[in-house]
2 protein chains.
Amino acid sequence: MAGNQEHKLCMVPGPIEFHEDVLTALSTPSQSHVSPDFIPVFGECFGLLRKLLFTDKGQPFIVAGSGTLGWDMVASNLVEQGEDALVLNSGYFGDSFTTCLETYGAKVTQVHAQIGDRPTIESIHEALSQNTFKIVTITHVDTSTGVLSDIKAISELVHKASPNTLVVVDGVCSVGCEEIRMDEWGLDVVMTASQKAIGVPPGLSILVASERAINIFKGRKSPITSYYASWHNWLPIMNAYEAKRPSYFATPPVQMIYGLHTSLKQITATSLEARFEQHKKVSDAIKRTFDELGLKMLPKSLDIAAHGMTAAYYPEGIQAPDLLRKMLAHNIVAAGGLHRAIASKYFRIGHMGISVVESERKHIEQVLDALKASLHELGYKKA
Amino acid sequence: MAGNQEHKLCMVPGPIEFHEDVLTALSTPSQSHVSPDFIPVFGECFGLLRKLLFTDKGQPFIVAGSGTLGWDMVASNLVEQGEDALVLNSGYFGDSFTTCLETYGAKVTQVHAQIGDRPTIESIHEALSQNTFKIVTITHVDTSTGVLSDIKAISELVHKASPNTLVVVDGVCSVGCEEIRMDEWGLDVVMTASQKAIGVPPGLSILVASERAINIFKGRKSPITSYYASWHNWLPIMNAYEAKRPSYFATPPVQMIYGLHTSLKQITATSLEARFEQHKKVSDAIKRTFDELGLKMLPKSLDIAAHGMTAAYYPEGIQAPDLLRKMLAHNIVAAGGLHRAIASKYFRIGHMGISVVESERKHIEQVLDALKASLHELGYKKA
Ligand SMILES: Cc1ncc(COP(=O)(O)O)c(C=O)c1O
Ligand SMILES: Cc1ncc(COP(=O)(O)O)c(C=O)c1O
């Protein structure tokens, strides 16, 4: 949308800016969900998702919904009534995942971190030693705080301390911008949504389950208590489309899937390692600028900060909505706070996808320029 | 897409052909789901849906998902464990709604109709006299058979015979092409999806609940056993957007909602009565042509046939996929059968939305011409 004066750059931590080709794909004229034109497009998305997550046998689910629906899938398919779940809580989204799990009858234990921190390996070890959990959930990037969890190390710990426990990653704010090696790291579920680093408008719930998770699901004793989230309904459909056969449970969102296909093709066309590296590099530069400006970031140190977003407190003397309003006047949409305890005290920017990997768009420069100009206009001076 | 040689007309009973302006709306560049640009667009959709369903106080829910998710909403919000539900079953979709209700713990009684028929008023009366049901569900148009139910008469009957029973209409294949007067007819839930007569790509679950239904939901004794389908989560969000305030439970599908807004504006810009009349007129003409061609339709008589689709048996000597293949060669996508008992024996065409109300597109002529030509090429002669 370069040159479109009216478009304000959407630099929140999701939805992100979308590639023109993705937007064009969304306006694909109508096709039947079981037409020979659409089936291979949907069918190819499964392999592309596996590639993105470095998994050979992971089973993707692509369903009309949003990231939240992935929690329902985990809670209703993998946990049975009264079973224990351990939630590693690094912010808002850990709270919500907990509520979702409890809704389906899980008994949830949480390991809480202070705002801006993540549960320590010791505290996780401690929790694992006190009970046997069916699943452990980790918010890879908690979008409310910008804290990044070390899913590789945690997964290793869980596999050692509690080999039968499934490792579930909420990757809504990380898939596509942070390295995730599902097979190598032993992750059982990675769930995400379309609108963040995958670079497609909101409207898709995307989840990949390991063979082990699928087997646990298949071996359930009690019936699944959701209909729309039930893998019993979706698994045959996913398998059929991947095998390029028509099938029907509920109408797939054809145009959204065209968008997904376009974006996944773009993402996987070049080195994923380079993609993740680029997100790191840009993130580091942004965080350096925040530092230089004297803005205090939420994550307590750089090594636990996400690479696709930055969250920072408003400096003293600057009121909650003022900075966002100023930035909007500079054509940049940033986001306010989300963590319930401090929502009015901080703001967030997203830096994922084309805004990062297509540097010629100059999105990052525009955000930082707008931030500096806005602070200046608000009379801010570094303490 | 007139003039686009490559596009095959999608004349299945959903997804239907979409207006160019709707497709363009889908490629709206990224906007935050809580931006001042998007909020009023989402906010206006509620009033537009009320207008379409002739209701003053009905509460719309617009959620990323598909029509199926509406069943989960009904089953999880309105029926408590062990409560009785009566499903008036006129085909495939009654079966599925039953399964969904049972998944959430409802005790389902069904009134079955023969294929091509609908439950009689007497059989419904009889069922209502034998038990007290929390809800009665009616598939307005069963897309598997093309049978239209008389929701007005049934609702009247239910209100008389069992005043506390909620009347739930599956309007996935009727909202936007059949008259539905929610308030006047005393309907408590009308649920639908985006991809049929509403004229927007698949990806939205749309449901409108009466004040009475919302009160029943609010007065529940047991907790709601779904997270993603829970009105506790969605109701405050719907109210906030309608009041033009930002709010968050799960990211709404921004681009899809732009498409919905565009289509609902188009639909409600002219007389709804004329719209429904036009669907009737076109449907009658199509069915007359089928008759003339000697094609036997599934509905046992014209007065119980839907006006947005036509389902007919393959004539003797014509094999299941041949007719569809021939029609495809004429650039028309039609649908096969869906009703489990006879799936390979019949085919379906959809005639909803712009294909019907924008006659200058000549979609209907193209379908009928393709049908006649295909039958001819297959050596068919009227018996
Ligand atoms: C970490 C995380 N988990 C889950 C979600 C929920 O996804 P959605 O809003 O698409 O339902 C979000 C949304 O921002 C998120 O950031
Ligand atoms: C009458 C009816 N109900 C429910 C559904 C389910 O809707 P969806 O396929 O969007 O999940 C359909 C889909 O065709 C339908 O025709």
Side-chain angles (χ1 to χ4, degrees), chain A residues 1 4 7-8 10 12 14-18 23-24 26-37 63-69 71-72 75-76 99-100 103-105 193 195 201-205 223-230 248-256 328 333 335-336 338, chain B residues 1 4 7-8 10 12 14-18 23-24 26-37 63-69 71-72 75-76 99-100 103-105 193 195 201-205 223-230 248-256 328 333 335-336 338:
Chain A
M1 287 292 113
N4 179 343
H7 177 62
K8 301 174 195 83
C10 186
V12 305
I16 69 167
E17 281 291 317
F18 307 124
L23 292 173
T24 302
L26 281 177
S27 50
T28 301
S30 189
Q31 284 178 11
S32 163
H33 50 299
V34 291
S35 78
D37 291 325
V63 175
S66 77
T68 298
L69 180 64
W71 294 335
D72 284 70
S76 64
T99 308
C100 179
T103 299
Y104 287 93
Q195 74 271 15
L204 293 176
S205 171
I224 288 160
T225 57
S226 171
Y227 185 71
Y228 191 69
S230 166
Y248 175 72
F249 161 62
T251 311
V254 175
Q255 277 65 14
M256 289 293 305
L328 198 59
V333 182
L338 184 59
Chain B
M1 286 288 114
N4 178 344
H7 177 62
K8 302 174 195 85
C10 187
V12 306
I16 68 166
E17 281 290 319
F18 307 124
L23 292 173
T24 301
L26 281 177
S27 51
T28 300
S30 189
Q31 284 177 11
S32 162
H33 50 298
V34 290
S35 77
D37 290 326
V63 175
S66 77
T68 297
L69 180 64
W71 294 335
D72 284 70
S76 65
T99 308
C100 179
T103 298
Y104 287 92
Q195 74 270 14
L204 293 176
S205 170
I224 289 161
T225 57
S226 171
Y227 186 70
Y228 191 69
S230 166
Y248 175 70
F249 161 62
T251 310
V254 175
Q255 277 66 14
M256 289 293 305
L328 198 58
V333 182
L338 185 58

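Numbers restart at 1 for each chain; the letters A, B, ... are given by sequence-line order, proteins then strands.
Comparing A/V254, A/L204, A/L338, A/V34 by how many heavy-atom pairs each has under 4.5 Å with chain B, the most go to A/V254. The candidate from A/G336, A/P201, A/C100, A/A250 with the greatest count of non-hydrogen atom pairs under 4.5 Å with chain B is A/C100. Counting heavy-atom pairs closer than 4.5 Å to chain B, the top-ranked of the candidates A/T225, A/V333, A/T24 is A/T225. Note on A/P36, A/P253, A/P202: by heavy-atom pairs under 4.5 Å with chain B, the leading option is A/P202. Among the candidates A/I224, A/T99, A/V12, the residue making the largest number of heavy-atom pairs closer than 4.5 Å to chain B is A/T99. Each of B/G65, B/G203, B/A75, B/P252 has some count of heavy-atom pairs under 4.5 Å with chain A, and the biggest count is that of B/G65.
A donor-acceptor contact shorter than 3.5 Å links the side chain of B/Y228 to the backbone of A/S66. Listed for the A/S30 side chain is a donor-acceptor partner under 3.5 Å among the backbone atoms of B/I16.
Across every non-hydrogen atom of B/T68 and A/Y227, the tightest pair is CG2-CE2, 3.6 Å.
If you measure heavy-atom distances from A/P223 to chain B, you find no contacts under 4.5 Å at all. Within the 4.5 angstrom heavy-atom criterion, only backbone atoms of A/T28 (N, CA, C, O) approach chain B.
Looking at residues two or more places apart in sequence or on another chain, you find a side-chain contact (heavy atoms from CB on, under 4.5 Å) between B/S226 and A/D72, A/Y104, B/S76, B/Y104, B/A229. For B/T251, the side-chain hydrogen bond (donor to acceptor under 3.5 Å, both in side chains) partners at least two apart in sequence or on another chain are A/Q195.
Interatomic distance, CD of B/Q31 versus NZ of A/K8, reported as 7.0 Å (0.5 Å rounding). A distance of 8.0 Å separates CG of B/L328 from CG of A/D37, quoted to the nearest 0.5 Å.
Considering only heavy atoms from C-beta on, B/H33 comes within 4.5 Å of A/P15 through its side chain.
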